[in-house]
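Let me begin by presenting the structure, written as structure tokens, before commenting on it.
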2 protein chains.
Amino acid sequence: MTASPERRRELLDTAAEVFAAQGYNATTVRRIADEAGMLAGSLYYHFDSKESMLDEILSTFLTELWDGYDAVLAADLGPRETIEALVTESFREIDRHRAAVAIYQKEARHLTDQPRFHYLADSQVRFEKAWLGTLERGVRSGAFRADLDVRLTYRFVRDTVWVAASWYRPGGQHSPEEIARQYLSMVLDGIAVRT
Amino acid sequence: MTASPERRRELLDTAAEVFAAQGYNATTVRRIADEAGMLAGSLYYHFDSKESMLDEILSTFLTELWDGYDAVLAADLGPRETIEALVTESFREIDRHRAAVAIYQKEARHLTDQPRFHYLADSQVRFEKAWLGTLERGVRSGAFRADLDVRLTYRFVRDTVWVAASWYRPGGQHSPEEIARQYLSMVLDGIAVRT
DNA sequence: TAACCTACCAAACACTTGTTAGGGAAGAAT
DNA sequence: ATTCTTCCCTAACAAGTGTTTGGTAGGTTA
């Protein structure tokens, strides 16, 4: 009745991989077990439901994410430097938790209805507070343009960062830091040549 | 055995709405029928499978999308003007086919395996050719920065545009054209104040 | 009036789904 | 040597899935 934490982590990793590739609902518990080299029922020695696997995948990811974000926010940097740090940290998280991020993006919206996953909505609120607040601070300080809809800018920056999880593959030719640098350069300065 | 085209379109619209909200696999055929005010079996008078509904939703969307894109590309504008026109056209498509776009984004990746949906992969290739080609043309002509990874830029621009479908709601306070203008301003010139 | 067509319902089908219960093999602990 | 613990298997269950078949109310046509 007691399962080893390492085995749990292993199984969660393969589960996350399949969830990310096929979608949560499209993934059968038999497929996960197959990928892990065991039978469907055996998974229930380690977890008490398919949903709790998803829960554990998402919650551990969000926990680690907020560890990083809180560290950045606690540093009390200027608006532009905060955005830079948040973006860089985000790409590092994508590098570490690619599957979890992909799952989060695909499933978060319709999971927030369920009470069990209400922490997803909480996280989203904190998320908006951090990013939107920093952007507004930047507009006031003159670091960011004032002629743009800040809310639109927020969604723009947020989405551009996290969608990268859909194509990013760890071990590719660009490191997370390199991608972050290029993304920041595009978001901050634009892709057009200055005239 | 013969169904009216208007009724088909009506049912496809409600189906698309549910698919977009819950995900294709998580959506039961009974839920769609319920939303349409009829019983599950009755859907099979109009369509021969759940999959063919998805197929028809996606293919009609892509057809209309490429009608718009081809018109833009045929105009033979400069690189920057082409990007501007493509982005604007994209937001108009999101306005018209919000549900279809959302479905496309969530399900396209793992649908391309099935032969039936192979046209999704074809479309993606054409898509990349149009956008990436325009960006490269812009770099050569000096309109776009040469110090950025063009491929990364492509994914950046592509994603930033289409992810908007996940939060965009028709009839909101911003028209598609207004959103396109702000997005283009951000992508082209950046959100930072020029020093 | 009779035949027909459209658009749906009622009821079931075969199958897949997540999940459970009991058991057993292999090693560790006593 | 025996008990215990860990980890998995076998085999099944109940619920839900997409789909089919036969029927029928109501309007249209002949």
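Below, all heavy atoms of this structure are taken into account, side chains as well, without hydrogens, waters or symmetry copies. So that the names make sense, note that chain A is the first sequence line, chain B the second, and so on, each numbered from 1.
- Rounded to whole angstrom, the span from the CE atom of B:Met53 across to the C1' atom of D:dT19 amounts to 11 Å.
- Contact check, A:Tyr44 against C:dT19: a side-chain N or O comes under 4.0 Å of OP1 or OP2.
- Taking every side-chain heavy atom of B:His46 into account, C:dA7 is the closest of D:dG18, C:dA7, C:dG18.
- Taking only distance into account, the side chain of A:Arg30 meets the base of C:dG18 through a donor-acceptor pair shorter than 3.5 Å.
- One interatomic measurement links the two molecules: CG of B:Asn25 to P of C:dT17, which rounds to 10 Å at whole-angstrom precision.
- Remark: A:Asp149 does not engage A:Arg155 in a salt bridge, criterion side-chain N to carboxylate O under 4.0 Å.
- Here B:Ser52 lies out of heavy-atom contact (under 4.0 Å) with every strand.
- OP1 or OP2 of C:dC8 has not a single side-chain nitrogen or oxygen of B:Tyr45 nearer than 4.0 Å.
- Within the cation-pi definition used here (under 6.0 Å to the ring centroid, within 45° of the axis), A:Arg158 does not qualify as a partner of A:Trp131.
- Separating the CZ atom of B:Phe19 from the C1' atom of D:dG18 is a distance of 12 Å, rounded to the nearest angstrom.
- Picking from C:dT19, D:dG18, D:dC8 the nucleotide with the shortest atom distance to the side chain of B:Thr28 gives D:dG18.
- With rounding to whole Å, A:Arg8 atom CZ is found 11 Å from D:dC7 atom P.
- Looking at the side chain of B:Leu39, the nearest of the listed nucleotides C:dT17, D:dC9, C:dA10 is C:dA10.
- Closest approach to the B:Ser42 side chain among D:dC9, C:dC8, C:dT19 is made by C:dC8 (side chain taken as heavy atoms from C-beta onward).
- An OP1 or OP2 oxygen of D:dT17 is reached within less than 4.0 angstrom by no side-chain nitrogen or oxygen of B:Arg31.
- Taking 4.0 Å as the cut-off between side-chain N and carboxylate O, B:Arg140 and B:Glu136 do not count as a salt-bridged pair.
- The CZ atom of A:Phe47 sits 15 Å away from the P atom of C:dT20 (whole-angstrom rounding).
- For the pair B:Met38 and A:Thr27, nearest-nucleotide mapping onto DNA chain C gives the more 5' position to B:Met38.
- Across the protein-nucleic acid pair, A:Glu6 atom CD and D:dT6 atom C1' stand 13 Å apart, rounded to whole Å.
- Counting to the nearest Å, the P atom of C:dC8 and the CG atom of B:Asp34 are 14 Å from each other.
- Counting to the nearest Å, the P atom of D:dT10 and the CG atom of A:Leu43 are 14 Å from each other.
- Using a 4.0 Å cut-off between a side-chain N of Lys or Arg and a carboxylate O of Asp or Glu, B:Arg181 and B:Glu178 qualify as a salt bridge.
- Summarising the local packing, CZ of A:Arg9 is surrounded by 12 or fewer heavy atoms from other residues, nucleotides or ligands at distances under 6.0 Å.
- For B:Arg7 and C:dC8, the shortest distance from a side-chain N or O to OP1 or OP2 is below 4.0 Å.
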